[in-house]
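To keep things clear, I will list the structure first and then write my remarks on it.
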Amino acid sequence: DGGITQSPKYLFRKEGQNVTLSCEQNLNHDAMYWYRQDPGQGLRLIYYSQIVNDFQKGDIAEGYSVSREKKESFPLTVTSAQKNPTAFYLCASSILKPMNTEAFFGQGTRLTVV
Amino acid sequence: AQSVTQLDSHVSVSEGTPVLLRCNYSSSYSPSLFWYVQHPNKGLQLLLKYTSAATLVKGINGFEAEFKKSETSFHLTKPSAHMSDAAEYFCVVRKLTGGGNKLTFGTGTQLKVEL
């Protein structure tokens with residue numbers, strides 16, 4: 001089936017550790033996105049990419065890094081520099097045009113710092 | 001700049017009564033607008049989208065939204081709420097930036113449906 005797969009579903013991290021969240025899509029979409037979700041704040045954009053080997057910072061990129069070595073994959077690394085990483089992380093993908101095309105979302109990864 | 005404002009953080013209705021979730025947008029030109037629904041600990045599912053072909057947009061599960069340019073609104077409605085509609089709803093605008101285009105989300109409206 002076509003879709004977006006995020007793994008793992010739950011992730012626990014010790015303070016000071018880097019962790020990487022996986023996002024894979026088989027929809028042949030050019031654009032991929034990472035969002036962070038906190039209660040009452042909606043979804044905030046961390047990074048997005050529109051083409052392989054290129055990505056842009058979103059609104060809250062500090063403490064995060066990404067790579068886009070393959071069209072299908074857009075992993076997110078939460079570094080030790082991220083002060084408050086406990087959150088629900090959502091990955092999405094879409095085609096670039098037309099503008100009224102929707103994005104498709106994965107099922108999310110819940111990251112907890114212990 | 002484009003953004004969306006969801007006017008209610010929580011809405012509570014009785015089963016069988018109408019639902020109204022409000023969204024206003026700011027845009028300098030014709031926006032691309034969407035409504036998504038999220039059930040607890042799940043990803044987001046598209047309910048409907050505005051394509052400029054019609055101002056009244058029909059979506060899944062009986063939901064509709066009306067695009068009103070004069071009021072810069074895109075409110076989501078449903079004639080009769082069902083228990084399974086209890087979820088969080090997001091109004092979203094897609095906007096062009098220097099680096100391409102991205103989705104900007106409202107802060108969400110939590111819908112509670114009571115018996």
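In what follows, chains are A, B, ... by sequence order, proteins preceding strands, each numbered from 1. What you are looking at is a predicted structure, and each value in this text was computed from that prediction instead of being measured.
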Bottom line for A/Phe55: the part with an atom under 4.5 Å from chain B's heavy atoms is neither
Take B/Gln38 and A/Phe88 through the side-chain contact (heavy atoms from CB on, under 4.5 Å) test and state the conclusion after the steps. CA-CA 12 Å; B/Gln38 184 183 32; A/Phe88 191 53; 3.6 Å; yes
Check your understanding: Looking only at side chains, do A/Thr101 and B/Arg94 share a donor and an acceptor under 3.5 Å apart?
Key -> no
> Can you find a heavy atom in the side chain of B/Leu44 that is under 4.5 Å from one in the side chain of A/Leu90?
Replying inline: yes
Does A/Ile95 CD1 have over 12 foreign heavy atoms under 6.0 Å away?
yes
- prompt: Any chain of hydrophobic side-chain contacts (each under 4.5 Å) joining A/Tyr48 to A/Ile60?
  reply: no
> When you look at NZ of A/Lys71, are more than 12 heavy atoms from neighbouring residues, nucleotides or ligands closer to it than 6.0 Å?
Replying inline: yes
Applying a strict 4.5 Å limit to non-hydrogen atoms, the region of B/Leu46 in contact with chain A is side chain
### Query
Is it the case that one hydrophobic cluster holds both B/Ile60 and B/Met83, taking links as side-chain heavy atoms less than 4.5 Å apart, direct or via other members?
yes
CG (B/Asn41) and CD (A/Gln107) are apart, to the nearest 0.5 Å, by 10.5 Å
The interface call for A/Leu43 against chain B, heavy-atom contacts under 4.5 Å, is both
Turns out that what part of B/Thr51 lies under 4.5 Å from chain A's heavy atoms comes down to both
Bottom line for A/Glu102: the part with an atom under 4.5 Å from chain B's heavy atoms is both
Check your understanding: Does A/Tyr35 belong to the same Ile/Leu/Val/Met/Phe/Trp/Tyr cluster as A/Leu21, with side-chain heavy atoms less than 4.5 Å apart forming each link?
Key -> no
Comparing A/Asp59, A/Leu96, A/Leu45 against chain B, the one with the most heavy-atom pairs below 4.5 Å turns out to be A/Leu96
### Task
Determine whether A/Ile46 and A/Phe104 fall in the same hydrophobic cluster, where Ile, Leu, Val, Met, Phe, Trp and Tyr are linked whenever their side-chain heavy atoms lie under 4.5 Å apart.
no
With chain B, the option among A/Lys9, A/Gln37, A/Arg110 that has the most non-hydrogen atom pairs under 4.5 Å is A/Gln37
> Got a donor-acceptor contact below 3.5 angstrom from the B/Tyr36 side chain to the A/Ala103 backbone?
Replying inline: yes
Bottom line for A/Gln6: the part with an atom under 4.5 Å from chain B's heavy atoms is neither
Whatever's closer than 4.5 Å to a heavy atom in chain A on B/Lys49 counts as side chain
When the 4.5 angstrom heavy-atom criterion is applied to B/Gln45 and chain A, the contacting part is neither
The interface call for B/Gln110 against chain A, heavy-atom contacts under 4.5 Å, is neither
Cluster check B/Tyr25, B/Tyr89: I/L/V/M/F/W/Y, side chain < 4.5 angstrom
yes
Rounded to the nearest 0.5 Å, the CZ atom of B/Phe105 sits from the CD atom of A/Gln41 at a distance of 14.5 Å
